[in-house]
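A short worksheet on the structure shown next.
Counting starts at 1 for both ligands and their atoms, following the listed order.
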Amino acid sequence: MDSRIIVSLDFATAASAAGLVRQLGPAATFYKVGLQLLTAAGPSVVRELVDGGKNVFLDLKLLEIPSSVAAAVTAAGQIGASMVTVHASGGSAVLRSAVEAARHFPQLKVLALTVITSMDDEDLREVGVVSTVREQVLRLARLAVAAGCRGVVASPLEARMLRETLPSDTLIVTPGIQLASDSRSDHARFTTAAQAIGAGATHVVVGRPISCAPNPADALAAMRAELSAAR
Ligand code: C5P
């Protein structure tokens with residue numbers, strides 16, 4: 001089973017998420033649960049996935065004071081998440097408190113978010129950051145690794161730069177993935193799973209290319225085939 005593909009459950013109800021999980025069956029072992037599904041359906045969604053033998057990337061995107069971040073990471077560990085996200089822009093104290101809280105859960109890895117993928121250099125300037133997106137991504141990624149985070153979430157465009165800079169055991173999880181057979185117009189911002197892994201990503205997060213495919217199981221199989229061919 002290829003656990004490098006994390007299927008994103010971007011759904012409004014537990015029933016629709018469960019529908020995709022059923023369709024994909026044993027072929028999918030890793031799922032991302034984000035704020036939409038968690039808020040709509042509650043933590044039982046995560047527990048059920050974990051009870052069903054799946055790994056869960058709980059994308060909480062935490063940006064809070066250190067004690068609150070630690071409490072939320074603890075809650076994520078208690079429901080069985082394998083990965084949880086925290087914003088590196090919170091700084092070292094926030095990152096360290098997340099890492100410290102995760103130590104109580106052997107399966108739980110803290111991943112840092114750097115600059116959200118929808119922001120460009122101009123958006124950064126608007127919030128008072130004079131660095132370019134690449135500079136800021138690198139700065140925050142280094143900060144996160146120094147604080148003990150196991151990995152970062154990064155756009156495919158940043159994966160190579162991060163792979164070349166960060167320690168070799170750092171996880172790099174990359175969204176913005178399309179199927180090789182897909183033809184999204186916005187080519188600059190999307191890569192295939194094989195390209196992302198080739199650039200140094202350890203995992204890819206894939207939502208709509210699988211969930212909106214006419215046959216999601218076929219789409220996942222195609223992506224897994226792309227990855228094995230590229231290996
Ligand atoms: O685009 P797709 O449906 O595959 O997105 C799956 C997940 O990846 C979304 O939940 C979103 O959080 C994340 N994403 C991202 N940056 C992008 C595209 C998607 O963070 N450019």
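The residue among L9, V205, T117 with a heavy atom at the shortest distance from atom 21 (N) of ligand 1 is T117.
Counting only heavy atoms from C-beta outward, the side chains of L60 and L38 approach each other to under 4.5 Å. Side-chain atoms of L58 and V46, non-hydrogen and from C-beta on, do get closer than 4.5 Å to each other. Annotation: side chain of L62 is not in contact with side chain of H87 (no heavy-atom distance under 4.5 Å). In this structure, the side chains of V99 and C149 come closer than 4.5 Å at one or more pairs of heavy atoms.
The atoms of ligand 1 that sit less than 4.0 Å from any heavy atom of S8 are 6 (C), 7 (C), 10 (O). Listed by number with element, the atoms of ligand 1 under 4.0 angstrom from any heavy atom of G207 are 2 (P), 3 (O), 4 (O), 6 (C). Listed by number with element, the atoms of ligand 1 under 4.0 Å from a non-hydrogen atom of R208 are 1 (O), 2 (P), 3 (O), 4 (O).
Although no hydrogens or angles enter the test, the distance criterion places a donor-acceptor pair under 3.5 Å between the side chain of E135 and the main chain of T132.
M83 contributes atom CE, which lies 4.0 Å from atom NE2 of H203 (distance to the nearest 0.5 angstrom).
Among the atoms of G176, none of the N or O lies under 3.5 angstrom from an N or O of ligand 1. No N or O atom of D59 sits closer than 3.5 Å to an N or O atom of ligand 1. Looking at ligand 1, you'll find an N or O of D10 within less than 3.5 Å of one of its N or O atoms.
By the criterion of a heavy-atom distance under 4.0 Å, the side chain of P209, and not its backbone, is placed next to ligand 1.
Using a 4.0 Å cut-off between charged side-chain N and carboxylate O, K61 and D59 make a salt bridge.
Heavy-atom separations between Q178 and ligand 1 are all 4.0 Å or longer.
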